Amino acid sequence: MAKVYTINCPKCGCQFEVMKGILVSESDLDPIPEERQEETPFTCPICGLEMSTQDPDFNDHVEMVMMVD
């Protein structure tokens with residue numbers, strides 16, 4: 001199951017989405033692409049701030065999480 005996070009960048013305030021995990025229709029992907037793994041960092045498209053779902057304050061910057069199948 002994939003999760004789509006809507007993030008508010010703590011540095012510049014930009015709101016953007018990040019998908020982690022794979023969809024059921026992508027279940028043949030082995031291994032999971034690196035950019036979709038939970039522990040792989042991602043960057044803000046405006047200011048380039050690097051973040052990760054593993055950061056201790058990550059949930060403070062999440063506007064919404066949507067589970068998609």
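Being a predicted model, the structure only gives us computed values, none of them experimental.
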Side-chain heavy-atom pair [X], [Y] within 4.5 angstrom cut-off:
| X | Y | value |
| --- | --- | --- |
| T6 | F16 | no |
| Q54 | E38 | yes |
| C9 | C47 | yes |
| L49 | P10 | yes |
| C44 | M51 | yes |

Electrostatic pair K20:E35 at N-O distance under 4.0 angstrom
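Not counted as a salt bridge, because no side-chain N and carboxylate O are separated by less than 4.0 Å.
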Can you tell me how far CG of D69 sits from CD1 of I22, rounded to the nearest 0.5 angstrom?
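It is 10.5 Å, given to the nearest 0.5 Å.
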Gap between atom CD1 of I32 and atom CD of E26 - 0.5 Å precision
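Output value for this atom pair is 9.5 Å.
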Would you say I7 and V65 are hydrophobically clustered, going by side-chain heavy atoms of ILVMFWY under 4.5 Å?
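Per the 4.5 Å side-chain linkage, I7 and V65 are co-clustered.
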Shared ILVMFWY cluster between V18 and V62, side chains joined below 4.5 angstrom?
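Hydrophobic grouping puts V18 with V62.
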Which heavy-atom pair separates [X] from [Y] by the least distance, and what is that distance?
| X | Y | result |
| --- | --- | --- |
| F42 | T53 | CE2-N, 4.0 Å |
| N8 | Q15 | OD1-NE2, 2.9 Å |
| R36 | L23 | NH2-N, 4.2 Å |
| S52 | E39 | OG-O, 3.8 Å |

